Amino acid sequence: MASTRAAIFLAALICGAVAATGELQPNGLSLGFHDNSCPILPYIVKLFVKVAFKKDAGIAPALIRILFHDCFPQGCDGSVLLNGTGSELLLGPNLTLRPAALKLVDDIRAAAHAACGPVVSCTDILALATRDALVEAGGPSYDLPLGRRDALAPAPLNLVITLPAPSLNATALISSFGGRGLSVTDLVALSGAHTFGISHCNSFRNRFTPETDTDPAIDPDFAAKLKAKCDGDVPAGTVNQTLDVRTPNKFDNKYYFDLVAKQGLFKSDQGLIVDSATNRTAIRFALNQKAFFDQFALSMVKMSQMDVLTGTQGEIRLSCTVPNKPAGIDTVAATNNDEDEGLAADM
Ligand code: HEM
Ligand SMILES: *[C@@H]1O[C@H](CO)[C@@H](O)[C@H](O)[C@H]1NC(C)=O
Ligand SMILES: *[C@@H]1O[C@H](CO)[C@@H](O)[C@H](O)[C@H]1NC(C)=O
Ligand SMILES: *[C@@H]1O[C@H](CO)[C@@H](O)[C@H](O)[C@H]1NC(C)=O
Ligand SMILES: *[C@@H]1O[C@H](CO)[C@@H](O)[C@H](O)[C@H]1NC(C)=O
Ligand SMILES: *[C@@H]1O[C@H](CO)[C@@H](O)[C@H](O)[C@H]1NC(C)=O
C-alpha cells in the first residue's frame, strides 16, 4: 500500500516534470491554465502593455503597485479594481493608484474576452500585465501560474488598512509582511519596486517636518531639496517626486544605491539599510543586480499567488470595475467573513 502510494507519488513527480504546464498546483493555479481556452492571451497582454508603455513608462510602476494593493490586504482577487461605492479605491492608501493602469487592465480584458469569450479573470490579467510591464521597464521575467478568479466584492476597510505605511520602521514592516506569509527577504526584495514610479509629499513629508529625520538618517541636502519642492505643493497633491533619484523610470537595483547614500524617499525604505535584520540583504542587492532580480522574480511569483480564488470561487468578471451581479450589503458582509477565516487559517 505504502509502496503503491510511493510509486504513484514518484510517477506524479516525473510526469509533473514533463508536463508541468498542465499540472494544477495545490492552490488551484497552473502554468498552462489558459493554453486551450485562450492561447492568444499572452500575445494580447504583451501587445497592449508594449503600446501603453511606449506612450507612458509610468504604466509599469502603476501596475505593480496596483498588484501589491490587490494581493496584500486579502489576496490577489481583483478586488482593488472595483470602483464606485464601497470600493478600495476610496479607502486610505487609495488615491494615487493610477487610473490609466486600471483602465489598461480592463482594456486587455475586453480584448481577451472578444477573442476567447469570458474565460480570463481581471485578476489573471493584472498579474500578467504587471509581469510584462516589469520586463518593458528593464526588470526580470518569470513564469506565472494562472487560473485566478475575481472577487465578488471589494475588500473591507479593516483589511485594506493593513497595507503598510511609509512611516513604518523595519521591525514593523517585517511583522506586517510576516503576517501575510512574506519573509524578510521578500520584504527587502519587493521594496525594490520603489526603484521606479512616483510619490506625493504626504507620503514623505515626515522626513523633514518638523525636523530632518535622524532615525533613520536622511541626507540633509536631499531633505532640503525635498522640502523646497513640497513647500510648493499647492494645491496639495499636485507635486510628485520620483521614488528612485538615480534612474527614476528604469527597473534596476539603483534603489539600493539610494539607500546606501541615505537618499531613500520613505522612512520605510531607508530603514532597510540600517536595521540589522535587513541591511545585509539590502547591501547584497546594491552590490549584485542579478541577486536582486532573481529574488525579486521569486518574490513576485509568490506575491502574485497570495490567497487566490480558484475553481468555482468568485467569478470571471465581465467588466473589471463591477461585479457581474452587484452585491447587496448582506453578500458583502458574508464574503468578508469568509475571507477573514481564510486569512486566519493561513497564519
Ligand atoms: C514595504 C512596504 C511598502 C510601503 C510602506 C509602500 C509605500 C508606498 C507609498 C507611500 C507610495 C507612494 C504613494 C504616493 O505618495 O502617491 C508607494 C508607491 C509605489 N509603491 Fe510602494 N510601498 C511598499 C511596498 C511596495 C511593494 C511590495 C511594491 C510592489 C512590489 C510597491 C510598489 C510601489 C510602486 C511601483 C510605487 C510607485 C507607483 C506609481 O508610480 O504609480 N510598494 N509605495
Ligand atoms: C468606474 O469605471 C467605469 C469604467 O471604467 C467608469 O466609466 C466609471 O466612471 C468609474 N466610476 C467611478 C465612480 O470611478
Ligand atoms: C482616500 O482615502 C482618504 C482617507 O480614507 C479619503 O479621505 C479620500 O477621500 C480617499 N480618496 C479618494 C480619491 O476617494
Ligand atoms: C519600530 O516602531 C515601533 C512602532 O512604532 C516601535 O515600538 C519600535 O520601538 C520601533 N523599533 C525600532 C528599532 O525603532
Ligand atoms: C509628475 O510631475 C511632473 C512635473 O510636474 C509632470 O510632468 C508629470 O506629469 C507628473 N507625473 C504624474 C504621473 O502625475
Ligand atoms: C548591519 O547592521 C548592524 C547593526 O547596526 C551592523 O552591526 C552590521 O555591521 C550591519 N551590516 C552591514 C552589512 O552593513
Side-chain angles (χ1 to χ4, degrees), residues 60-61 63-65 67-68 71-72 127 130-131 133-144 163-199 203-204 207 213-219 221-223 241-306:
L63 280 169
I64 201 169
R65 180 160 187 246
L67 183 74
F68 174 52
C71 295
F72 192 87
T130 299
R131 192 264 317 268
L134 182 65
V135 172
E136 290 291 333
S141 192
Y142 44 85
D143 289 331
L144 210 43
L163 277 163
S167 56
L168 296 188
N169 61 29
T171 311
L173 288 173
I174 289 169
S175 151
S176 163
F177 272 55
R180 298 295 285 123
L182 296 168
S183 69
V184 178
T185 309
D186 291 325
L187 167 67
V188 179
L190 290 173
S191 294
H194 290 171
T195 189
F196 59 1
I198 56 164
S199 176
S203 305
F204 55 86
R207 303 301 305 288
D213 200 358
T214 53
D215 181 25
I218 185 171
D219 163 25
D221 293 340
F222 182 51
Q241 168 63 37
T242 61
L243 293 178
D244 171 11
V245 290
R246 290 180 164 68
T247 50
N249 293 317
K250 194 166 159 35
F251 193 93
D252 56 18
N253 68 339
K254 293 296 189 292
Y255 162 82
Y256 301 98
F257 285 47
D258 296 337
L259 303 188
V260 171
K262 300 188 170 65
Q263 293 166 348
L265 190 58
F266 304 142
K267 210 178 181 63
S268 55
D269 295 317
Q270 196 59 50
L272 298 176
I273 206 89
V274 174
D275 193 281
S276 60
T278 51
N279 63 352
R280 278 184 50 209
T281 306
I283 287 171
R284 185 160 62 90
F285 290 161
L287 294 174
N288 185 340
Q289 177 161 284
K290 182 172 186 308
F292 167 51
F293 275 18
D294 288 350
Q295 183 57 52
F296 190 78
L298 288 174
S299 297
M300 281 300 287
V301 171
K302 183 169 171 184
M303 185 179 94
S304 305
Q305 299 183 68
M306 288 168 68

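What you see below is based on every heavy atom in this structure, not just the backbone, and it leaves out hydrogens, waters and symmetry mates. The shown structure was predicted, so the numbers you read here are calculated from the model rather than taken from an experiment.
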Result block: side-chain N/O donor-acceptor pairs under 3.5 angstrom for residues 241-250, not counting sequence neighbours:
{"residue": "Q241", "atom": "OE1", "partner": "K229", "partner atom": "NZ", "Å": "3.0"}
{"residue": "T242", "atom": "OG1", "partner": "D244", "partner atom": "O", "Å": "3.4"}
{"residue": "D244", "atom": "OD1", "partner": "R246", "partner atom": "N", "Å": "2.9"}
{"residue": "D244", "atom": "OD2", "partner": "T195", "partner atom": "OG1", "Å": "3.3"}
{"residue": "D244", "atom": "OD2", "partner": "T247", "partner atom": "N", "Å": "3.4"}
{"residue": "D244", "atom": "OD2", "partner": "T247", "partner atom": "OG1", "Å": "3.0"}
{"residue": "R246", "atom": "NH1", "partner": "D258", "partner atom": "OD1", "Å": "2.6"}
{"residue": "R246", "atom": "NH1", "partner": "Q263", "partner atom": "OE1", "Å": "3.0"}
{"residue": "R246", "atom": "NH2", "partner": "Q263", "partner atom": "OE1", "Å": "3.1"}
{"residue": "T247", "atom": "OG1", "partner": "D252", "partner atom": "OD1", "Å": "3.1"}
{"residue": "T247", "atom": "OG1", "partner": "D252", "partner atom": "OD2", "Å": "2.6"}

Only distances under 3.5 Å count here; give the side-chain donor-acceptor pairs of residues 166-175 to other protein atoms, sequence neighbours excluded, each with its distance to 0.1 Å.
{"residue": "N169", "atom": "OD1", "partner": "T171", "partner atom": "N", "Å": "3.2"}
{"residue": "N169", "atom": "OD1", "partner": "A172", "partner atom": "N", "Å": "2.9"}

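Remark: D143 pairs with no residue by the salt bridge (Lys or Arg N to Asp or Glu O under 4.0 Å) rule, at least two apart or across chains. Contacts of Y256 classified as ring pair (Phe, Tyr, Trp, His ring centres under 6.0 Å), with partners at least two apart in sequence or in another chain: F285, F292.
Note that OG of S203 is 8.0 Å distant from CG of L265, once rounded to the nearest 0.5 Å. Between atom CG of residue N288 and atom CD1 of residue I283 there is a gap of 13.5 Å, rounded to the nearest 0.5 Å. Here the CZ-CG distance, from F266 to L272, works out to 12.0 Å after rounding to the nearest 0.5 Å. Note that CZ of R207 is 10.0 Å distant from CG of D219, once rounded to the nearest 0.5 Å.
In this structure, F72 and F177 have tilted ring planes: the angle between them lies in the 30° to 60° band.
Of all heavy-atom pairs between I273 and N279, the closest is O-CB, 3.3 Å. Closest of all the heavy-atom pairs between Q270 and G264 is OE1-N, 2.9 Å. Closest approach of P216 to G271, counting heavy atoms only: CG-N, 3.6 Å. Scanning all heavy atoms of the two residues, the minimum distance from F222 to K262 falls at CD2-O, 4.1 Å. When all heavy atoms are compared, the tightest approach of A193 to I64 is CB-CD1, 4.4 Å.
Evaluation of the salt bridge (charged side-chain N to carboxylate O under 4.0 Å, His left out) test over residues 183-194, restricted to residues two or more places apart or in two chains, returns D186-K302. Sorted by first and then second residue, the salt bridge (charged side-chain N to carboxylate O under 4.0 Å, His left out) pairs involving residues 267-288 (not counting sequence neighbours) are D213-K267.
F293 and F251 have their aromatic ring centers within a separation under 6.0 angstrom.
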task = Decide yes or no on side chain to side chain contact (heavy atoms under 4.5 Å, CB included) for M300 and L67, but give the supporting numbers first.
result = CA-CA 10 Å; M300 281 300 287; L67 183 74; 3.8 Å; yes

